[in-house]
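Data block below; observations after.
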Amino acid sequence: MHTSRKSWLAVTAGTVGVALVAAGCGSSDGGSDGGSDGGGDITLTVATFNEFGYEGLIEEYMAANPGITVEQRKAATTGEARDNLNTRLAAGSGLADVEAIEVDWLPELMQFSDRFVDLSDPSLEGRWLDWKSAQATTPDGVLMGYGTDIGPEGVCYRADLFEAAGLPTDRDEVATFLGSSWDDYFAAGKQFAAASDVPWFDSSGGIYLGMINQVEYAFENEDGSVIPLDENTEVEGIYRDIMTAALDDGLSAHLAQWSEDWTNAFQNDGFATMLCPGWMLGVIEGNAAGVTGWDIANTFPGGGGNWGGSFLTVPTQSAHPEEAKALAAWLTAPEQQIKAFLAKGTFPSQVDALDSPELLDVTNAFFNEAPTGQILADRAAAVTVAPYKGPNYFGITNLITDAINRADVDQTDTVDSSWNKAVQSFNELGLG
Amino acid sequence: MSNLKQEPSIPQIRQTAGAGAARAAARKRKKSSGFGAERRPRWVTYTLLGAVLAISAYPMYYAVLLASSDAVTIAQTPIPSLIPQGNFFENVTRVLDADIKFWQAFFNSLLIAAITALSVVFFSTLAGFSFSKLRFKGRAGLLVFVIATMAVPTQLGVVPLFILMAELGWVGQLQAVIIPGMVTAFGVFWMTQYLESALPYELIEAARVDGCNLFRAFWSVALPAARPAATMLALFTFVASWTNFFWPFIVLGPANPTLPVSIQLLQSSFFKDQSLIMSGVVVATIPLVILFVFAGRQLVTGIMQGAVKG
Amino acid sequence: MSISSPPRPRQSTTTGYSKAAERKHRLAALDMKVSPYLFISPFFILFLIVGLFPLAYTAFVSVHDWNLIGGQGDFVGLKNFTDVLTQPRFYTALRNTFSIFLLSSVPQVLFAIIVAAILDQNIRAKTFWRMGVLLPYVVAPVAVSLIFSKLFADQSGMINEILGTFGVNPIRWHADPLASHVAIATMVNFRWTGYNTLIVLAAMQAIPRDVYEAAVIDGASRMRTFFSITIPMLRPTIIFVIITSTIGGLQIFDEPRLFDQAGQGGADRQWMTMTMYLYELGWGTQKSFGRASAVAWLLFLIILIIGAINFMITRRISSEGKR
């Protein structure tokens with residue numbers, strides 16, 4: 001009760017000094033010189049989820065900016081963060097000054113871009129990878145959010161299981177062995193399966209995300225019109241390829257990612273490879289504690305791939321949009337994101353960060369001392385396709401994930417009947 | 001009035017005169033006479049009860065087992081050993097040290113649950129007294145209405161209620177959780193049901209003869225008579241408030257959390273450490289178990305009194 | 001005894017109003033007239049604000065095209081209702097809700113009566129046993145879900161592991177609709193059976209013992225006294241338990257939502273309940289607050305109907321038992 005009342009008072013008191021503070025802190029490079037502390041203290045709230053690695057940075061910002069108190073509000077999961085954001089957007093108040101948004105739920109918020117401050121700023125042009133800032137730019141050119149991290153994907157593998165199957169174990173040789181296309185990756189899997197009882201990959205859902213994120217226009221055309229699912233041969237092709245590999249070739253561990261069984265499988269030789277974006281390294285390390293043999297290959301089937309990543313937005317509800325914008329700009333500057341990466345493994349989306357020695361020199365002891373900084377930077381550079389995600393993307397891709405889980409994890413449907421159900425659910429959405 | 005306080009049992013005995021006084025029966029019961037149930041039951045009963053207790057307690061014990069273990073062991077052994085491992089205090093320390101505002105959450109939960117419980121008991125007993133013992137127009141209809149209100153799905157109230165709280169400037173403040181829970185349809189229903197049978201009309205009559213107005217009659221007759229049910233209602237409300245997640249999560253958020261909201265944050269790291277999460281579960285439940293050990297006695301005494309008064 | 005019967009008219013004529021002064025008399029009359037309403041007013045005032053306002057609000061929303069975030073759109077009449085009623089998912093949700101509800105409420109009430117009957121004996125360490133059965137109630141639903149989803153994991157869960165040692169094939173708790181309903185109902189039963197047991201026990205203890213004594217003297221067997229005395233006397237309490245568990249059961253949300261990591265009721269929505277469906281419509285990708293409100297109102301009506309049916313059946317059964 002105390003803190004909240006204090007913060008409300010602080011907010012009210014702070015409005016008096018807005019103009020003065022704004023003049024001091026409004027510069028886009030974030031006022032590391034402290035700026036003016038105006039005539040009143042203000043409190044900014046930053047809402048994040050999972051791990052952003054901001055704890056130390058916020059201390060640093062407050063030390064550099066007397067008069068600004070920054071509070072971090074964490075939600076445990078992205079689902080909760082999204083519920084919270086939607087409810088408060090619907091109610092028209094209660095949001096934090098800086099709200100973190102995941103790339104997957106950004107598209108559905110695009111149509112409400114007027115609820116967010118346009119963050120575009122000429123001096124920040126070119127700070128992020130092109131496709132990253134494109135994800136947060138509306139068709140009218142409004143920049144809804146500053147990019148924080150990205151999820152460039154490599155292939156993580158169990159060298160010990162590869163060795164037992166008589167396959168190469170060195171990460172460069174493995175990269176060659178895995179090849180460059182999805183067919184290569186599945187063929188390598190069949191070779192592995194011939195010599196081992198361990199499934200090749202963890203989850204068909206994970207493979208699906210890897211493949212669908214390489215399609216530029218998966219479910220919606222450039223003009224935003226939706227492609228009817230029963231005519232969408234490209235997506236159906238991906239679905240069937242995965243199902244063939246998973247079921248006919250027996251490469252899948254039949255697990256749903258993040259389920260109890262999936263988590264436990266890390267301790268029980270549940271699978272030999274998985275697609276791993278940068279932030280997944282921490283997940284593997286935690287779940288597979290004590291397991292030796294994990295390594296990461298500097299390759300990805302079908303070209304580069306990105307999975308996930310977030311943005312910092314400033315809702316128009318904020319009482320201090322200028323200060324909030326400055327804070328968001330500072331947090332997403334290359335130097336800060338490198339620190340966040342070192343703290344929690346969130347890989348930076350900033351161009352300058354990608355060739356910084358601080359980042360490139362990072363190695364990971366758990367992954368057999370792999371130079372993960374260099375590998376992930378290479379993987380980020382390999383990302384060429386920025387998939388177009390319209391407002392219906394999230395809903396439709398969810399239907400395909402459900403279809404995959406029905407056929408591969410639950411096995412309550414055949415490949416065909418599960419696909420038909422997806423088509424039926426699609427038609428129920430009435431997007432036609 | 002004073003007369004009534006000194007001898008509360010006279011009208012009561014009068015009320016139950018036809019049945020020869022429940023009190024007498026209860027007194028007799030202590031000497032274990034009469035109906036067959038008063039004999040000491042045999043081992044079959046205790047075996048059954050033991051089984052019920054084992055089923056009741058095991059899931060919580062399972063949480064303790066995981067809380068005293070570590071993530072790797074948990075993943076490797078689906079059936080944990082029956083004896084707790086040695087990591088419990090270490091894991092609990094990790095929970096307390098984690099950046100989840102544990103103590104703030106603890107006191108928030110305590111304050112919210114205590115105020116809510118007291119308030120629900122008071123207002124529900126007041127309404128229950130009125131519904132069960134007083135005559136007024138529209139009584140039956142209004143009571144059915146109270147019950148019908150329980151059928152309103154709460155999930156959807158979230159947005160309008162949030163808008164309301166935002167208008168009042170209460171978002172993030174404890175009253176946003178306390179005020180909506182100050183009296184519940186369940187409580188009104190429960191107290192009505194109880195007072196219907198447990199409060200003799202003669203008691204109210206006697207109080208009125210002594211010149212009490214209805215509120216005084218409520219205060220000095222109905223409230224004491226309602227004690228057993230009120231104890232249970234208080235406990236149930238306290239527990240419901242303590243364990244509530246969704247609304248506090250939405251309206252308070254992690255900035256000023258209650259205990260379940262705060263404990264949930266233990267899952268926020270990429271890697272979900274079951275030993276840590278289960279320690280959080282155990283730590284959040286322990287205060288209730290302690291309360292329960294004390295209030296549980298109170299509760300049982302309450303039920304016994306209920307029997308005597310019935 | 002039942003909730004809608006009027007109070008017995010015990011307002012006797014023997015009271016001495018005549019002795020009181022005229023003014024006092026009028027005040028007392030006013031007191032009798034107004035106070036009953038004053039006493040129930042806190043509930044209604046609060047309900048007006050936190051219950052009726054949202055209900056009216058959602059009623060208004062349900063006849064509009066309404067995006068959760070975008071807000072009010074065109075008036076569409078009953079279109080949201082017909083949209084929802086033509087979606088197969090609505091019926092999946094309905095089926096799941098009823099299945100989980102039956103699997104939880106029926107065993108719950110039966111077990112509560114049985115365990116209460118056991119506890120109603122002259123056992124040693126009464127307090128201990130009574131507290132024992134209530135223990136699960138103090139565990140938060142979030143915690144119960146965390147614990148049970150580990151126990152019910154398909155491949156790595158303890159329950160399947162134990163079944164395996166007896167040679168039983170693993171049960172597909174998350175894939176099979178019925179199995180998932182059983183698992184979710186188990187969580188509900190775990191938490192609520194003890195609670196209902198104590199409510200029933202409290203009612204049993206309130207039955208005057210001399211009624212039993214009379215029956216014993218008449219030579220009635222234990223079973224017979226249980227069915228012809230205990231059960232009828234418990235009627236209001238059983239109605240109470242059934243009504244509250246109906247209302248709670250049909251709104252079940254936390255347990256199924258936390259049954260897996262995705263929280264949408266399974267890939268085939270095999271355990272998606274009505275409230276989860278409502279939530280998916282409103283907060284999911286459709287963000288159709290209009291359709292969600294329509295589902296809320298449909299659910300509200302269903303609960304009212306089931307509640308009424310319940311009430312009538314229970315009443316009949318217990319009044320038959322009385323004969």
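Numbers restart at 1 for each chain; the letters A, B, ... are given by sequence-line order, proteins then strands.
Residue contact with chain C, scored on non-hydrogen atoms closer than 4.5 Å, is absent for B:V282. Proximity to chain C (any heavy atom under 4.5 Å) is shown, for B:W190, by both the backbone and the side chain. Using a 4.5 Å cut-off between heavy atoms, B:F136 contacts chain C through both its backbone and its side chain. In this structure, no portion of B:P260 lies under 4.5 Å from any heavy atom of chain C. With a 4.5 Å cut-off on non-hydrogen atoms, B:I204 does not touch chain C at all. Heavy-atom distances place no part of B:F238 under 4.5 Å from chain C, backbone and side chain included. Looking at C:F47, only its side chain comes within 4.5 Å of chain B, counting heavy atoms on both sides. Only the backbone of B:T184 comes within less than 4.5 Å of a heavy atom in chain C; its side chain stays farther off. Proximity to chain C (any heavy atom under 4.5 Å) is shown, for B:A75, by neither the backbone nor the side chain. Neither the backbone nor the side chain of C:I217 comes within contact range of chain B; no heavy atom of the residue lies under 4.5 Å from a heavy atom of that chain. With a threshold of 4.5 angstrom between heavy atoms, B:Y58 approaches chain C through side-chain atoms but not through N, CA, C or O. Contacts between B:L142 and chain C at a heavy-atom distance below 4.5 Å involve backbone atoms as well as side-chain atoms. Proximity to chain B involves both the backbone and the side chain of C:F300, based on heavy atoms less than 4.5 angstrom apart. Of the atoms belonging to B:L48, it is side-chain heavy atoms, and not backbone ones, that fall under 4.5 Å from chain C. When heavy atoms are compared at a cutoff of 4.5 Å, C:R124 approaches chain B by way of both its backbone and its side chain. At a 4.5 Å heavy-atom cutoff, C:I302 makes no contact with chain B through either its backbone or its side chain.
No side-chain heavy atom of C:F111 sits less than 4.5 Å from a side-chain heavy atom of B:V52. A heavy-atom distance below 4.5 Å is found between the side chains of C:M32 and B:L214. Under the 4.5 Å side-chain criterion, counting only non-hydrogen atoms from C-beta, C:Q155 is not in contact with B:P78. Put simply, the side chain of B:L53 does not reach to within 4.5 Å of the side chain of C:L135, judged on heavy atoms. Looking at C:P141 and B:F245, their side chains never come closer than 4.5 Å, going by heavy atoms from C-beta outward. Side-chain contact between C:I40 and B:V146: absent, with no pair of heavy atoms (C-beta onward) separated by less than 4.5 Å. The side-chain heavy atoms of B:V239 and C:Y195, taken from C-beta on, include no pair separated by under 4.5 Å.
The candidate from C:S35, C:P36, C:A308 with the greatest count of non-hydrogen atom pairs under 4.5 Å with chain B is C:P36. Between chain B and the options C:D254, C:V115, C:L151, the largest number of non-hydrogen pairs under 4.5 Å is found for C:L151. The most heavy-atom pairs under 4.5 Å with chain C, out of B:N213, B:T149, B:I55, come from B:T149. Among the candidates B:G50, B:P180, B:G141, B:G138, the residue making the largest number of heavy-atom pairs closer than 4.5 Å to chain C is B:P180. Here B:F186 is the residue among B:W242, B:F129, B:F186 with the most heavy-atom pairs under 4.5 Å with chain C. Each of C:V133, C:L304, C:I199 has some count of heavy-atom pairs under 4.5 Å with chain B, and the biggest count is that of C:I199.
Ring orientation note: the planes of C:Y137 and B:F236 are nearly perpendicular, at an angle over 60° on the 30°/60° scale.
B:I79 and C:M158 get closest at one heavy-atom pair: CG1-CG, 3.9 Å. Closest non-hydrogen pair, B:M182 versus C:L46, comes out as N-CD2, 3.9 Å. A pairwise comparison of heavy atoms in B:P160 and C:F289 identifies CD-CZ, 4.4 Å as the closest pair. Smallest separation of non-hydrogen atoms from B:L288 and C:V138: CD1-O, 3.0 Å. Listed here is the closest heavy atom pair of C:I118 and B:T45: CG2-CG2, 3.5 Å.
Between atom OG1 of residue B:T77 and atom CD of residue C:E161 there is a gap of 9.5 Å, rounded to the nearest 0.5 Å. Separating the CD atom in B:Q264 from the CG atom in C:L146 is a distance of 6.5 Å, to the nearest 0.5 Å. Between the NZ atom of C:K150 and the OH atom of B:Y62 there is a distance of 5.0 Å, given to the nearest 0.5 Å. Here the CD1 atom belonging to C:I147 is positioned 7.0 Å from the OG1 atom belonging to B:T285, to the nearest 0.5 angstrom. For the atom pair B:L49 CG and C:L119 CG, the distance stands at 5.5 Å (nearest 0.5 Å). Annotation: the span from C:Y37 atom OH to B:K137 atom NZ amounts to 7.0 Å, rounded to 0.5 Å.
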### Task
Evaluate the criterion side-chain contact (heavy atoms from CB on, under 4.5 Å) for residue pair B:L134 and C:F39; output intermediate values, then yes/no.
CA-CA 10 Å; B:L134 305 179; C:F39 292 175; 4.1 Å; yes
